[in-house]
Amino acid sequence: MNSNESKFPVLTALQAISESIHQFPVTILDAPPGSGKTTALPIELLKKGLGNGKKICILEPRRIAAKNAAKRISESLGEDVGQTVGYRVRFDSKASSETKIEFVTDGILTKYLLSDPELSDYGLLIFDEFHERRLESDLCFALAKKSQEIFRNDLKILIMSATLEGQNFSKLGIHNPTIEVVTETFPLEIFHMGESNLNSQKRLQDLVPKAVEQTSGDILVFLSGKKEILDLKMALESNPICQNQSSIFPLFGDMSLQDQEKVFLPLKDGKKKIVLSTNIAESSVTIPGVRVVFDTGFFKHSVFDPDSGIQHLVKDRISLSSAKQRAGRAAREGKGTVYRLWSKEEETSFYDRTKPEILEGDLDRLVLEVKSFGEDIDSLPFLDPPNKGSLLLSMERLKRLGCLDTNLNLTSLGKDALLYPLPIRLGRILSVLPKSMEPFVENIVSILGKESSGREAKEFPLRNSSNQTLTNPELKQIYKQIFGIFQGKKEGNSNIEKSQTQSPEFYLCQGYPDRIAKRKADGNDYKLSNGKIGVLSTNLLNLPEYLIAIDTISFGQSIFITQYLPISLETIKESLSNQLETLQFPEIRTTQKGESNLVVLEERRLGELTLESKELKNPDPIALQNALEKYLLSLDWESEWKRRDELQSLYERVRFLVQNQILDVKVSFEELKQSAKEWLFPFINWETNKISLDRIPYWEAFKAYLGYENESILNKEAPTSILVPSGSKISIQYSGNEPELHVKLQELFGLKQLPKLAKGKINILIHLLSPARRPVQITKDLESFWNFGYHEVKKELKGRYPKHPWPDKPWEAVPTKHLNHNKRS
């Protein structure tokens with residue numbers, strides 16, 4: 001092993017890597033941190049001609065890693081950055097015609113692929129820190145793989161990471177073996193500091209100063225977010241030990257690159273360096289001097305709710321692979337120590353690897369970028385394809401924004417929105433914003449980079465002049481870039497509504513059609529046009545009726561509106577006129593007398609939000625018919641018909657004959673409900689502004705529905721009543737499984753058999769009653785009862801009812817309704 005290989009172990013596999021790149025379209029390299037895969041390997045691949053006469057492009061997910069990698073390689077070559085090795089990142093680039101190796105971030109590579117799908121200038125494309133699985137990085141890989149298939153079979157791809165466990169490359173047809181580099185690592189001691197809790201800040205305030213005094217080397221602390229970093233920085237700076245013996249450096253995403261780079265510079269005063277970082281320091285190039293790592297075990301990331309179109313910043317446990325990456329930071333240059341602020345037992349609940357962002361991120365830009373590339377998402381080789389349901393919701397949202405047409409093709413507005421490196425809804429606003437409103441561009445940019453830490457709502461500040469709101473250096477750079485694009489755009493888009501008043505609210509509405517909110521009846525709850533409920537946590541007494549929920553945060557199932565802009569109903573109607581629907585609904589109104597009437601309610605809606613509602617005083621008969629149809633479809637017909645005795649009796653008789661195949665008509669309530677327009681509506685007076693629900697003519701309509709011939713059969717085969725020997729007309733009940741007759745037994749003396757129903761098919765079930773009309777026997781065979789059952793009943797009841805006749809031969813006795821022949825029973 002030569003000295004270079006000893007210093008950079010990845011070079012021991014250089015021959016295998018070279019052969020694989022020559023032989024296969026995609027090469028996979030698994031090499032541990034500090035092995036030289038980022039800073040030593042690229043120049044060796046260039047020397048071996050693996051760029052195939054073209055440049056080598058290296059995708060680094062983070063800007064600071066891209067810049068530092070280019071700087072370190074250039075120093076090793078004795079050159080300035082921008083000669084052989086350069087970089088292109090947002091807001092900064094150093095590259096020239098001499099540059100053969102370019103480090104770029106995923107946003108830059110996406111631009112390359114969209115503007116030149118063949119990647120004409122590049123022969124080798126390297127994906128570094130592939131395990132991070134950022135959404136744009138996954139898109140770049142899918143587009144590059146597609147480019148290999150249809151444009152460039154000579155384009156080579158190299159995937160590099162220290163943690164590739166769980167990545168299923170074989171499903172993309174990548175079957176060549178992974179090249180693994182094994183290195184001798186520096187000793188690493190890992191201490192688990194007991195059960196984690198929400199009080200990690202206080203624990204770190206105690207532990208970090210002790211580490212400053214008792215350990216050697218610089219200290220790296222992993223925290224979940226910007227707020228936690230700034231809070232701990234303030235606390236440590238007030239600690240005497242840290243004040244005297246250390247310098248504290250924050251490191252998070254929306255710092256300027258110049259401030260981020262300070263963590264890599266050596267201190268000249270002999271003090272220890274304490275770096276307080278998000279997972280930005282988890283991978284990428286080494287931070288020199290670090291020997292101690294504190295890990296809280298949490299990170300913050302954006303989770304997109306595709307149903308509502310709202311992105312939430314959530315705090316989650318890191319994965320085991322992230323914990324491994326973080327720990328490795330302590331042993332890059334020597335023996336290291338890691339303090340994990342959780343117990344060993346808790347690790348059993350950690351995921352193996354971090355979920356790819358494409359599975360839970362905002363897909364809107366990805367959808368438009370793929371359309372711009374000229375492909376459909378289903379045709380691209382994603383390592384983890386986006387969720388189909390989330391994709392459909394994204395495309396619906398993009399149609400509402402005007403970025404896709406009804407056939408899901410990219411519109412000119414969608415192309416314009418993509419020009420801005422912003423969330424699509426913000427790019428869409430800027431695409432139609434008149435140049436006369438250029439001060440409002442700063443307001444748009446100010447929406448970015450907010451890490452909400454609480455539930456308190458703040459009103460979005462509208463400014464009329466520039467450079468009043470942006471204090472964050474990163475946002476200032478973004479503003480400068482965005483403003484340059486805005487100034488260079490062509491004015492006007494003929495397909496987009498323009499405001500007569502040219503108010504910022506008008507254009508914000510067009511970017512947030514799904515986030516228009518209306519206050520509910522009381523309290524601080526607002527219903528959003530996407531159907532969600534948001535809480536406006538504020539002490540204001542006069543809350544606006546309508547607002548735009550510009551920023552939100554979630555706690556469990558609750559959504560809190562953290563940044564909002566009050567807006568008028570008139571502006572909503574003017575801005576989103578093409579998205580408003582006028583819908584009519586049935587509404588039940590109850591009079592003071594308790595009568596229920598069905599009226600037609602007309603609503604003006606935006607998505608799930610009702611903006612206006614009114615009762616139509618002179619509705620069109622068709623509108624009234626539609627309202628009644630909706631009402632009837634929602635009604636429980638069985639319960640409704642049971643309330644109407646005459647109707648229920650008729651229905652039960654018809655159902656009885658249908659069940660016994662005497663009548664052939666549809667009688668299920670579902671069938672009657674679905675066909676009500678045909679048989680019920682002709683009996684309703686439509687020349688009115690309301691329908692009395694208590695007077696719907698079901699009985700008359702249902703009788704006509706049967707027809708004259710069926711009605712005759714009904715009266716004959718399922719009569720409403722029967723004349724018994726006593727002369728009484730007794731009703732037949734059809735509500736049960738069999739027709740029933742409830743009658744006092746004395747009224748049937750002399751009768752051996754009742755007539756059968758349904759063309760002689762069905763016997764009537766006779767409920768024989770005592771003189772007090774209590775049941776004494778149930779039978780279908782009256783003659784058998786007289787011969788056998790009657791005498792037992794007579795023994796039991798004769799003494800109780802001595803004034804009623806109890807003959808010995810009931811089949812020969814005279815039927816009666818009376819006590820004796822001339823007295824009432």
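Along the sequence shown, the residues carry numbers beginning at 1.
- Looking at Tyr339 and Val293, their side chains never come closer than 4.5 Å, going by heavy atoms from C-beta outward.
- For the residue pair Glu79 and Ser74, no side-chain donor N or O sits within less than 3.5 Å of a side-chain acceptor on the partner.
- Partners of Phe382 by ring pair (Phe, Tyr, Trp, His ring centres under 6.0 Å), not counting sequence neighbours: none found.
- Here the straight-line distance linking atom CG of Leu276 with atom CD of Glu228 works out to 11.5 Å at 0.5 Å rounding.
- Checked by atom type and distance alone, the side chain of Ser322 never pairs as donor or acceptor with a backbone atom of Ile318 at under 3.5 Å.
- A distance below 6.0 Å separates the ring centres of Phe141 and Phe127.
- Test Arg329, Arg317, Arg340, Arg326 against Asp295 for salt bridge (charged side-chain N to carboxylate O under 4.0 Å, His left out) and you get one pass: Arg326.
- Annotation: side-chain contact (heavy atoms from CB on, under 4.5 Å) contacts of Pro25 (sequence neighbours excluded): Gln148.
- Here the NE2-CD distance, from His22 to Glu19, works out to 8.5 Å after rounding to the nearest 0.5 Å.
- No side-chain heavy atom of Tyr122 sits less than 4.5 Å from a side-chain heavy atom of Ile56.
- Salt bridge Arg62/Glu129: absent, no basic N to carboxylate O contact under 4.0 Å.
- Distance check, rounded to the nearest 0.5 Å: OG of Ser18 to CG of Leu14 gives 4.0 Å.
- Judged purely by atom type and a 3.5 angstrom limit, Lys146 uses its side chain to pair as donor or acceptor with the backbone of Ser379.
- Side-chain N or O atoms of Arg291 include none that pairs as donor or acceptor with a backbone N or O of Ser216 at under 3.5 Å.
- Environment of NZ in Lys171: crowded, with over 12 heavy atoms of neighbouring residues, nucleotides or ligands closer than 6.0 Å.
- More than 12 heavy atoms of other shown residues, nucleotides or ligands fall within 6.0 angstrom of atom NZ in Lys271.
- Residues that satisfy the side-chain contact (heavy atoms from CB on, under 4.5 Å) test with Phe24, not counting sequence neighbours, are Ser20, Asn176.
- The environment of NZ in Lys273 is crowded: more than 12 heavy-atom neighbours from other residues, nucleotides or ligands sit within 6.0 Å.
- Here the side chain of Thr99 pairs no donor or acceptor atom with the backbone of Ile101 at under 3.5 angstrom.
- Using modelled atom types, one finds no donor on one side chain facing an acceptor on the other under 3.5 Å when comparing Thr178 with Asp30.
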**Message:** Would Glu189 and Thr337 count as a side-chain hydrogen bond (donor to acceptor under 3.5 Å, both in side chains) here? Give the steps.
**Reply:** CA-CA 5 Å; Glu189 277 192 291; Thr337 309; 4.6 Å; no
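- Checking Tyr87 against Asp92 by side-chain atom types alone, a donor-acceptor pair falls below 3.5 Å.
- For the atom pair CD (Glu357) and NZ (Lys355), the distance works out to 12.5 Å, reported to the nearest 0.5 Å.
- Crowding of Lys94 atom NZ: a count of heavy atoms from other residues, nucleotides or ligands under 6.0 Å not exceeding 12.
- Judged by distance alone, with hydrogens and angles left aside, the side-chain atoms of Lys262 form no donor-acceptor pair with the main-chain N or O of Phe249 at under 3.5 Å.
- Here the side chain of Lys335 pairs no donor or acceptor atom with the backbone of Leu188 at under 3.5 angstrom.
- The OG atom of Ser224 lies 10.5 Å from the CG atom of Asp316; values are rounded to the nearest 0.5 Å.
- In this structure, Lys315 satisfies the cation-pi test against Phe298, with its NZ or CZ atom closer than 6.0 Å to the six-membered ring centre and inside 45 degrees of the ring normal.
- Under the side-chain contact (heavy atoms from CB on, under 4.5 Å) rule, Ser137 has a single partner from Asp106, Ile358, Thr105, which is Asp106.
- Within 6.0 Å of OH in Tyr351 there are 12 or fewer heavy atoms belonging to other residues, nucleotides or ligands.
- A cation-pi arrangement is absent between Arg88 and Phe103 under the rule of less than 6.0 angstrom and at most 45 degrees off the ring axis.
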